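Since we're looking at a predicted model, the values are computed, not measured.
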Amino acid sequence: EVQLVESGGGLVQAGGSLRLSCAASGFTFDDYVIVWFRQAPGKEREGVSAISNYDDRTYYSDSVKGRFTISSDNAKNTVYLRMNSLNPEDTAVYYCAADLWTTIRGSQWYWTGIYKYWGRGTQVTVSS
């Protein structure tokens with residue numbers, strides 16, 4: 001059974017940092033693309049960052065580029081999202097999603113509808 005479990009969310013002041021974790025099980029980690037999405041109240045879910053464990057490529061949305069860093073520990077089947085210089089606009093539920101790189105090849109990494117596996121999310125709240 002494929003499982004994705006997010007952790008590391010919480011309440012932080014503006015300018016602070018958090019590190020989110022996405023622990024994966026039930027699939028061959030190296031063949032997958034793992035993506036972080038977020039959804040703020042009243043807004044659509046948006047892609048934040050992605051990492052392809054197949055070719056080690058990383059992707060970021062313009063809103064987080066330079067502040068967030070995605071990384072993968074294949075030995076632990078875990079993907080991390082280091083978030084620095086947080087601001088209130090980063091407040092959202094953060095989800096990780098995954099699918100085979102062969103399945104999503106040719107699609108845009110930030111399309112929510114192409115990922116088969118999703119975690120339940122972790123709340124990040126940034127106070128001003």
Side-chain angles (χ1 to χ4, degrees):
E1 179 187 6
V2 173
Q3 281 194 325
L4 298 172
V5 179
E6 304 95 335
S7 62
L11 174 64
V12 63
Q13 288 189 333
S17 298
L18 283 174
R19 190 181 77 161
L20 304 184
S21 299
C22 174
S25 61
F27 60 87
T28 305
F29 203 60
D30 291 354
D31 296 334
Y32 277 69
V33 175
I34 313 292
V35 186
W36 285 100
F37 288 89
R38 67 185 181 186
Q39 188 165 20
K43 294 188 177 181
E44 292 187 353
R45 194 168 295 188
E46 63 168 344
V48 175
S49 183
I51 187 165
S52 169
N53 286 319
Y54 174 73
D55 58 8
D56 294 327
R57 290 187 178 184
T58 59
Y59 306 86
Y60 297 94
S61 67
D62 288 343
S63 62
V64 307
K65 198 172 295 182
R67 299 189 298 123
F68 291 11
T69 303
I70 193 169
S71 61
S72 180
D73 185 336
N74 287 10
K76 295 183 178 180
N77 277 19
T78 300
V79 169
Y80 303 99
L81 185 68
R82 177 69 179 180
M83 307 186 295
N84 295 329
S85 302
L86 285 162
N87 58 64
E89 290 69 38
D90 296 315
T91 294
V93 178
Y94 284 70
Y95 301 88
C96 64
D99 214 319
L100 285 164
W101 73 271
T102 51
T103 299
I104 67 169
R105 182 173 47 189
S107 302
Q108 297 297 331
W109 65 268
Y110 47 81
W111 290 350
T112 58
I114 61 174
Y115 295 96
K116 182 176 181 179
Y117 304 110
W118 289 82
R120 294 188 175 184
T122 185
Q123 175 71 47
V124 172
T125 303
V126 184
S127 63
S128 56

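For the pair Arg38 and Glu46, the salt-bridge criterion is met [side-chain N within less than 4.0 Å of a carboxylate O].
Ring planes of Phe37 and Tyr115: perpendicular class, angle over 60° (limits at 30 and 60°).
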Would you check, one step at a time, whether the test side chain to side chain contact (heavy atoms under 4.5 Å, CB included) holds for Met83 with Val12? CA-CA 11 Å; Met83 307 186 295; Val12 63; over 6 Å; no
Take Asn74 and Asp30 through the side chain to side chain contact (heavy atoms under 4.5 Å, CB included) test and state the conclusion after the steps. CA-CA 7 Å; Asn74 287 10; Asp30 291 354; 2.9 Å; yes
Residue pair Val2, Lys116: steps toward the side chain to side chain contact (heavy atoms under 4.5 Å, CB included) verdict: CA-CA 10 Å; Val2 173; Lys116 182 176 181 179; over 6 Å; no
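Annotation for Ser72 and Val79: closest pair OG-CG2, 3.9 Å, computed over non-hydrogen atoms. Here the closest heavy-atom approach between residue Tyr32 and residue Asp99 is recorded as CD2-C, 3.1 Å. Across all their heavy atoms, Ile34 and Asn53 have their closest contact at CG1-ND2, 3.7 Å. Taking every heavy atom of both residues into account, Ala50 and Val33 meet most closely at CB-CG1, 4.5 Å. Nearest heavy-atom pair across Pro88 and Ala14 is CD-CB, 4.2 Å. The two residues Arg45 and Thr112 have their closest heavy-atom pair at O-CG2, 4.0 Å.
The structure places CD of Glu6 at 12.5 Å from OH of Tyr94, a figure rounded to the nearest 0.5 Å. A distance of 8.0 Å separates OG1 of Thr69 from CG of Leu81, quoted to the nearest 0.5 Å. Note that OG of Ser21 and CZ of Arg82 are 11.0 Å apart. Values are rounded to the nearest 0.5 Å. Distance OG1/Thr125 to CG/Asp90: 11.0 Å, rounded to 0.5 Å.
Within a 6.0 Å radius of CD in Gln108, other residues, nucleotides and ligands contribute more than 12 heavy atoms.
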